[in-house]
Amino acid sequence: MNRAWWKEAVVYQIYPRSFMDSNGDGIGDLNGIISKLDYLKLLGVDVIWLSPVYQSPNADNGYDISDYQAIMAEFGTMEDFDRLLSQAHGKGLKIVMDLVVNHSSDEHKWFVESRKSVNSPYRNYYIWRDGKNGGPPNNWGSWFGGSTWTRDGATGMYYLHLFSPKQPDLNWSSPALRDEIYRMMTWWCDKGIDGFRMDVISMISKPDILPDGPAENGAQYGDFTPYCIHGPHVHEYLREMNSRVLSHYDIMTVGETSGVTVEQARLYAGEDTHELNMVFQFEHVDVPGKYAGWRTNKISMPFLRAVFSKWQTGLNGKAWNSLFLGNHDQPRSVSQFGDDRPAFRVVSAKLLATWLHMMQGTPYIYQGEELGMTNCPFESVSEFRDIDSLNGYRTWVENGPLTHEQFWPFLLFKSRDNARTPMQWSACPNAGFTSGTPWIRVNPNYTEINAEAALADPDSIFYYYQKLIRLRKTYPVIVYGAYTLLEKNDPNLCVYFRELAGEKLLVICNFSDKKQAYTLPEGFLGTQILITNLNRRAVDEPSLTLQPYEAVVLRRPA
Ligand code: GLC
Ligand code: CA
């Protein structure tokens with residue numbers, strides 16, 4: 001396997017709106033991020049991925065961009081951005097930008113022009129169709145609720161939006177549009193940024209003919225994904241993007257590829273396919289819920305283990321994995337995969353971190369994950385800000401079959417706003433995030449769970465992540481070693497080997513809240529404990545009693 005800096009890096013995701021507010025308007029901003037660079041340096045990460053900071057009317061918090069070469073006024077100015085970049089670089093931190101080019105904002109000048117007339121030079125930058133039988137061109141339902149089509153008054157035609165009507169899909173089959181995108185990307189690369197995280201990049205290619213999608217019995221809308229995910233030209237476009245832009249810079253690229261299979265990922269992120277460096281796969285979180293994606297159940301370890309094991313072995317030597325449990329679209333990882341009850345929060349957060357960071361791939365830490373931040377006990381619908389949560393409520397309660405009481409637990413568990421409550425810096429008012437009124441409520445557990453407390457406690461989750469990152473930089477087996485799953489059917493234990501040139505790691509994780517017995521495999525008695533989330537000192541007996549949520553990593557040198 002070829003070595004690369006981005007394979008050896010650990011990435012930290014910042015959701016700027018919720019990270020740190022520097023001027024008291026209640027909204028996180030670029031100067032706030034600058035003020036926390038030393039904190040990230042102390043943690044030991046190499047790369048910061050910034051969720052979008054571009055100019056945007058904020059229908060979807062920046063995932064609806066109205067100018068790709070301007071900074072959102074609420075976040076600061078281009079001068080602030082340049083200062084962030086140079087200060088980060090001065091500290092040895094890289095900056096990866098979110099790139100949202102499946103769609104733009106409807107307030108982008110391209111769309112403003114496009115909608116004016118069928119003869120606009122920008123008409124073809126978007127996907128326009130005539131209606132059918134007095135309705136939209138087909139039955140597709142948007143991921144944010146409603147039809148994927150909105151009729152536009154000026155010409156009477158419909159435009160496609162796989163997300164909200166404020167997010168019209170760009171038409172990648174237009175060479176002029178692709179030129180514009182590559183020019184814009186080149187501009188950012190020339191500025192010195194270190195890479196792109198590409199939003200829903202697996203959806204940029206749509207077929208010319210857009211047939212009705214399969215609809216579940218009685219469902220109002222059909223599914224667009226068979227036509228729009230991994231559409232006909234997606235790999236061609238990415239190879240073109242690679243040859244025109246990416247290959248000219250030493251940057252890292254990660255594609256958000258909902259619905260991706262191992263086989264597809266080998267194309268998107270193959271060692272020699274000249275597309276992207278790695279992709280995010282979503283099999284461990286895109287689990288159908290009771291009401292579309294809405295669910296209240298945590299993800300079980302056996303399921304998690306099966307998904308990750310398939311990806312670990314499926315990509316080994318062929319393509320590169322990205323490793324994540326949390327991001328700005330997911331419940332907090334300790335609430336979704338661990339155990340956020342007070343007695344188990346810290347130990348299970350460390351268990352999850354061990355389990356994830358000991359695998360092959362590039363790990364991603366979502367802001368606050370290093371503190372063990374949890375889902376938020378929201379108390380009313382008016383506290384939610386997320387377009388997807390509010391649309392979900394409209395679809396299922398206001399216009400749908402459920403009562404408020406029936407849907408509430410689903411909203412509470414799964415809302416993207418769980419991940420978007422302000423970063424908890426200290427026990428000061430508003431968690432030290434802002435001196436003003438925060439744009440979204442602060443999780444009340446900030447008085448206990450916060451960065452200041454974590455930095456003062458040598459046993460904190462923060463320092464545990466710091467150690468995991470340091471180990472990754474010390475032992476190449478953690479980055480590059482091959483993965484083998486043991487105890488395939490154990491209901492509580494997830495155990496695996498990593499192996500590189502005769503050096504071997506044994507990773508043992510007890511995912512249950514009960515003690516579990518485990519017998520060491522041959523050759524690990526008395527070996528070095530690389531890291532442990534409890535105080536295990538030695539493994540001098542073959543049979544171990546693992547404590548609830550205990551994780552331990554053993555190392556046998558070559
Ligand atoms: C991606 C983003 C999500 C956004 C959507 C539309 O899934 O991660 O936050 O809402 O794309 O841009
Ligand atoms: Ca601010």
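We count residues from 1, following the sequence as given. Just so you know, ligand 1 is whichever comes first in the structure, and atom 1 is the first atom listed for that ligand.
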Atoms of ligand 1 under 4.0 Å from any heavy atom of R416, numbered from 1 in the order shown, are 3 (C), 4 (C), 9 (O), 10 (O)
Quick check: are there more than 12 heavy atoms from other residues, nucleotides or ligands sitting under 6.0 Å from CD of E216?
-> no
Of the protein's non-hydrogen atoms, which lies at the shortest distance from atom 4 (C) of ligand 1, and what is that distance?
-> D60 OD2, 3.3 Å
Can you pull the salt bridge (charged side-chain N to carboxylate O under 4.0 Å, His left out) pairs that have at least one residue in residues 276-288, sequence neighbours excluded?
-> E283-K310
Shortest heavy-atom approach to atom 9 (O) of ligand 1 - which of D388, D329, N61 | D329
Salt bridge (charged side-chain N to carboxylate O under 4.0 Å, His left out) partners of residues 27-43, not counting sequence neighbours, each pair once = D38-K91
Can you say whether the rings of W128 and F111 are parallel (under 30°), tilted (30 to 60°) or perpendicular (over 60°)?
-> parallel
Are Y364 and F280 an aromatic pair by the rule of ring centers under 6.0 Å?
-> yes
Inter-residue atom distance D82.CG - L85.CG, 0.5 Å rounding | 7.0 Å
Would you please determine whether R197 falls within less than 4.0 Å of ligand 1 on a heavy-atom basis?
-> yes
Near H328 (heavy-atom distance under 4.0 Å), the atoms of ligand 1 are 2 (C), 3 (C), 8 (O), 9 (O)
Parallel, tilted or perpendicular for Y39 and W425, by the 30°/60° rule?
-> perpendicular
re atom 5 (C) of ligand 1, the protein heavy-atom contact at minimum distance is F163 CE2, 3.8 Å
Heavy atom under 4.0 Å from ligand 1: found in F144's side chain, backbone, both, or neither?
-> side chain
Residue set satisfying side chain to side chain contact (heavy atoms under 4.5 Å, CB included) with N277, at least two apart, ordered chain then number -> W6, M252, T253
Out of D98, D64, D199, indicate the one that has the non-hydrogen atom closest to atom 2 (C) of ligand 1.
-> D199
Heteroatoms of the protein, restricted to N/O/S, which lie under 3.0 Å from the Ca ion (ligand 2) | D21 OD1, N23 OD1, D25 OD1, I27 O, D29 OD2
So which protein heavy atom does atom 7 (O) of ligand 1 come closest to, and at what separation?
-> E256 OE2, 2.9 Å
May I ask you to decide if the ring planes of F224 and W140 are parallel, tilted or perpendicular, using 30° and 60° as cut-offs?
-> tilted
For H103, atoms of ligand 1 separated by under 4.0 Å from a heavy atom | 6 (C), 12 (O)
Tell me, do K414 and F410 make a side-chain contact under 4.5 Å, heavy atoms counted?
-> no
Any idea how F163 and W143 line up, ring-wise: parallel (<30°), tilted (30 to 60°), or perpendicular (>60°)?
-> perpendicular
